[in-house]
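Naming: A, B, ... by sequence-line order, numbering from 1 per chain. Because the structure is predicted, anything quoted here is derived from the model rather than measured.
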Amino acid sequence: MTAAPVLPRTFFAREVMTVARDLLGRHLEHDGVVVRLTEVEAYAGPDDPASHAYRGITPRNAVMFGPAGHLYVYFSYGMHWCANVVCGPDGAASAVLLRAGEVVEGLAVARSRRTTARGDAELARGPARLTAALGIGREHDGADLCRDGASITLTPGHPVPDLAVAHGPRVGVGAAADREWRLWVTGDPTVSAYRPGGRRRGGSAP
DNA sequence: CCATTGATCGTCT
DNA sequence: GACGATCAATGGT
């Protein structure tokens, strides 16, 4: 498909917010579908209460503690997969959650993987929808995006100017709500809806 | 358009 | 045993 160059590992081995900002507008490709990233969220390592790395290394989050440029894929709410790109120096355990994008190639394939989508803007609008549209799942946890011949690749795409980048608190996150580490392309219809963090519903019936 | 709720299970306490 | 970095369906304004 696209013959665009893959991003070098040095791109990912920088401070997590810097990488998150630079990921906007870039293209993520896998198995016949290309998505232009429109929304991302930064998560730091053990010092970030909202991060999966907050309580140290476990079997699930082990990839976060490894080298930058690998995919950290986790299982969410018993039915969805979400994908992060590991960032920063090795061991920093920081990562960027890929929250949403616009399908720019492979529309027919993406539609077949997302039959409940109401329109094309909804195909990859949300972290689990994005992985579904691209066909990314558990087998891609730890995938190296920088290796030559990688099945999942991040390519330059089209840069987004500073004026078009908005930021705010992370979606569905209660802890560290003051860190406005969610970045998105202003006004883009493929950006997901905001939902505040905190716990839903309280009581078990007596 | 907005708010609420069930689905469903790996992970960590 | 409780809790999610979520989604889709439902019912109301």
Which nucleotide in the set [options] lies at the smallest distance from any side-chain heavy atom of [X]?
X: A:S51; options: C:dA8, C:dT6, C:dA5; value: C:dA5
X: A:M79; options: C:dA8, B:dT8, C:dC7; value: B:dT8
X: A:R60; options: C:dA5, B:dT13, B:dT11; value: B:dT11
X: A:F75; options: C:dA8, B:dC9, C:dT6; value: B:dC9
X: A:R114; options: C:dA5, B:dC12, C:dA8; value: C:dA8

In whole Å, what is the span from the [atom1] atom of [X] to the [atom2] atom of [N]?
X: A:Y194; N: B:dC2; atom1: OH; atom2: P; result: 15 Å
X: A:R55; N: C:dC3; atom1: CZ; atom2: P; result: 13 Å
X: A:W81; N: B:dG10; atom1: CH2; atom2: C1'; result: 9 Å
X: A:N84; N: C:dT6; atom1: CG; atom2: C1'; result: 14 Å

* **Value rounded to 0.5 Å, distance of CZ in A:F65 from OG1 in A:T58** =>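 With rounding to 0.5 Å, CZ (A:F65) is 7.5 Å from OG1 (A:T58).
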* Would you call A:Y43 stacked on C:dA5, i.e. ring centres under 5.5 Å apart with the planes less than 30° off parallel? ->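 Ring-base stacking flag set for A:Y43 and C:dA5.
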* **Watson-Crick or G-U counterpart of B:dT11, or none if no pair lies under 3.5 Å** =>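 When the pairing criteria are applied, C:dA2 turns out to be the nucleotide that pairs with B:dT11.
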* To do: Decide, yes or no, whether a salt bridge links A:D144 with A:R9 under the criterion of side-chain N to carboxylate O below 4.0 Å.
  =>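 Salt bridge flag = yes for A:R9 with A:D144.
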* Please name the pair of heavy atoms, one in A:D31 and one in A:V109, separated by the smallest distance, quoted to 0.1 Å. =>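 A:D31 and A:V109 have their closest heavy atoms at O-CG1, 4.3 Å.
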Is [X] close enough to [N] that one of its side-chain N or O atoms is under 4.0 Å from OP1 or OP2 there?
X: A:R195; N: C:dA5; result: no
X: A:S76; N: C:dG4; result: no
X: A:T58; N: B:dC12; result: yes

* Asked: Is the Lys NZ or Arg CZ of A:R14 less than 6.0 Å from the centre of A:F12's six-membered ring, within 45° of the axis?
  ->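 No, A:R14 does not lie over the aromatic ring of A:F12.
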* Asked: Does the ring centre of A:F75 sit less than 6.0 Å away from the ring centre of A:H80?
  ->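 They do not qualify: ring centres at least 6.0 Å apart.
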* To do: Using only heavy-atom distances, decide whether a donor-acceptor pair under 3.5 angstrom links the side-chain of A:Y77 to the base of B:dA7.
  =>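 By the distance-only test, no, there is no pair.
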